[in-house]
Asks: 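Quick one: the structure is below, and I'll ask about it shortly.
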Amino acid sequence: MDILVLARTACLSVAQVRQLESDDSDGLFYSDAIKRQAYKRLLMILGAEPPSVEVPEDLRDAAKVAEAHLNTLDQIVAMSQQPTINRSTFDELSALFAKLKRHKQFIGALLLLVVAVVVFSLYGPKRIEDASLLASSSRAESTPVLPASTPAISEMAVVTSTPEPIRAASAVSASSTVAVASSPSTTCAFADEVMPELTPFIAQKEGRYVYVVSTSNVDICVVDGNKQATVLQMKAGENRSVYGVSPWQVSSSHLSKVQIYFQGGRVSLPDAATRVKLLEVSVAR
C-alpha cells in the first residue's frame, strides 16, 4: 500500500508511519502507549496480526494503568490549552480600533444621537419660547380693527378742508403745538409736509395694514394712501391694526412710546419724531 494512503487511512502523518516502519525514536508520538496503538492500527489496516507483546509489570496493575491513562489525558489537555499571550499596549489599541471599524455604523449613529440630545438640551427650550412669542405676536397682528366712527371721520373731513389755519396755529408756540397734538380728533389728517420716510428691513407681508403697540396711554393718527384717517386712543399694553393702502402716515405727540409693525417687521423710529411715512417695498420671496 502506498505510504500516503496508509497514513490517511490510519489518521497519521507520513513521518509517523515511516517511524513505525523503521522503528526510529524521533519523538513523533507523545508516549509509547500511543505509539503502540498506532502500530496496532496500521497492522489491522494491512490485514496482519499484531505481534504478541509481553505485558510489563506496570501494566498488570489496574490502578497504575488507570493512573497512567489519567496522566496522559492531563498532559493532552495541558498541550491543547494555549498560553496567555503578553500583548503590548500598541497591540491592544490596534485590536480596539479593529473592533471599532467593524461596528463603525452603530458607533456613528450613537454619536449623532448624543450630539442631537446635547444640541436640543442647549437650544431647544429657547427656540420653543421664541416660537411661542412669535405665534402670540402673529395672532395679535391678525386681529382686525374697524375704522373710526362716522362722526369722527366727518369732523376730520372738515379739518382737512382748512389745513392752513391749523399749521399757522401750530407755529405760534411750542405749547400750542402740544395742545393741538393732544387732541387728534381735530388734527388727524393727511399732511403734505416733509417727514421721515421709513421702510421695513425685510418685507414678509403686503403693506395692506399697520400694526401698532402702545407702551403707555397715547393718541395715534393713522392715514393711508387714500387719505383715510383713523384715530386710535390706546391704553398702555394695547395693540391695534389699521387696514388700508400704502403709503401710510403715522403721527402722535408721543410717537416714541409706540411700536409700529409694517409688512411683518418692526420699524425703527427716528428720535424726537412726531410724524413718519411708511413706504411699501417688495415682499421677500
Side-chain angles (χ1 to χ4, degrees), residues 1-135 138 202 204 284-285:
M1 184 181 294
D2 184 71
I3 189 172
L4 182 60
V5 177
L6 180 59
R8 289 181 178 178
T9 306
C11 297
L12 299 173
S13 64
V14 176
Q16 288 176 332
V17 174
R18 288 178 178 173
Q19 181 180 354
L20 292 173
E21 288 182 346
S22 59
D23 197 15
D24 295 333
S25 58
D26 292 337
L28 296 179
F29 293 93
Y30 186 74
S31 64
D32 293 338
I34 296 176
K35 184 176 181 180
R36 285 194 295 271
Q37 293 294 333
Y39 181 68
K40 292 179 180 179
R41 187 162 58 251
L42 287 179
L43 292 179
M44 291 176 61
I45 293 172
L46 295 174
E49 292 291 335
S52 57
V53 180
E54 184 179 356
V55 179
E57 290 291 336
D58 296 337
L59 297 179
R60 293 179 183 178
D61 189 356
K64 292 182 179 181
V65 172
E67 185 178 359
H69 284 297
L70 291 176
N71 291 335
T72 302
L73 291 176
D74 292 339
Q75 293 175 0
I76 294 174
V77 170
M79 292 181 61
S80 64
Q81 294 179 352
Q82 296 182 356
T84 304
I85 301 175
N86 295 326
R87 297 188 299 178
S88 62
T89 305
F90 178 77
D91 295 336
E92 293 180 356
L93 292 176
S94 300
L96 178 61
F97 283 126
K99 292 181 180 179
L100 292 178
K101 286 182 179 180
R102 288 197 297 268
H103 304 283
K104 58 183 179 181
Q105 293 181 352
F106 174 75
I107 296 174
L110 183 61
L111 290 177
L112 288 177
L113 179 60
V114 172
V115 172
V117 170
V118 172
V119 171
F120 179 78
S121 62
L122 293 178
Y123 301 100
K126 184 177 179 181
R127 293 293 179 85
I128 294 173
E129 183 179 358
D130 294 343
S132 62
L133 292 177
L134 181 60
S138 300
I202 297 178
Q204 300 178 351
R285 301 296 182 182

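The figures here come from the full heavy-atom set of this structure, side chains too, leaving out hydrogens, waters and symmetry mates.
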Asks: Rounded to the nearest 0.5 Å, what separates atom CD in Glu21 from atom OH in Tyr39?
Replies: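 Going from CD on Glu21 over to OH on Tyr39, the span is 10.0 Å.
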
Asks: Could you grab the distance from atom OG1 of Thr9 to atom CZ of Arg41, nearest 0.5 Å is fine?
Replies: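 It is 11.0 Å, given to the nearest 0.5 Å.
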
Asks: Rounded to the nearest 0.5 Å, what separation is found between the CD1 atom of Ile107 and the NZ atom of Lys101?
Replies: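 It is 12.0 Å, given to the nearest 0.5 Å.
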
Asks: Just checking Arg18: does its CZ atom have more than 12 heavy atoms from other residues, nucleotides or ligands closer to it than 6.0 angstrom?
Replies: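 For Arg18, atom CZ is not crowded (no more than 12 foreign heavy atoms under 6.0 Å).
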
Asks: At their closest point, which heavy atom of Ile45 faces which heavy atom of Met1, and how far apart are they?
Replies: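 Shortest heavy-atom contact: CG2-CE, 4.4 Å.
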
Asks: Check Gln16 against Leu28 and note the closest heavy-atom contact, atom names and distance.
Replies: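 Smallest interatomic distance, heavy atoms only, reads NE2-O, 3.2 Å.
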
Asks: If you take all heavy atoms of Ala10 and Leu42, which pair is closest and at what distance?
Replies: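 In terms of heavy atoms, the two residues are closest at CB-CD2, 3.5 Å.
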
Asks: At what distance, to the nearest 0.5 angstrom, does OG1 of Thr89 lie from CG of Leu96?
Replies: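 Rounded to the nearest 0.5 Å, the OG1-CG separation comes to 12.0 Å.
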
Asks: Does CD in Glu67 sit with more than 12 non-hydrogen atoms of other residues, nucleotides or ligands closer than 6.0 Å?
Replies: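 Count not over threshold, so no.
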
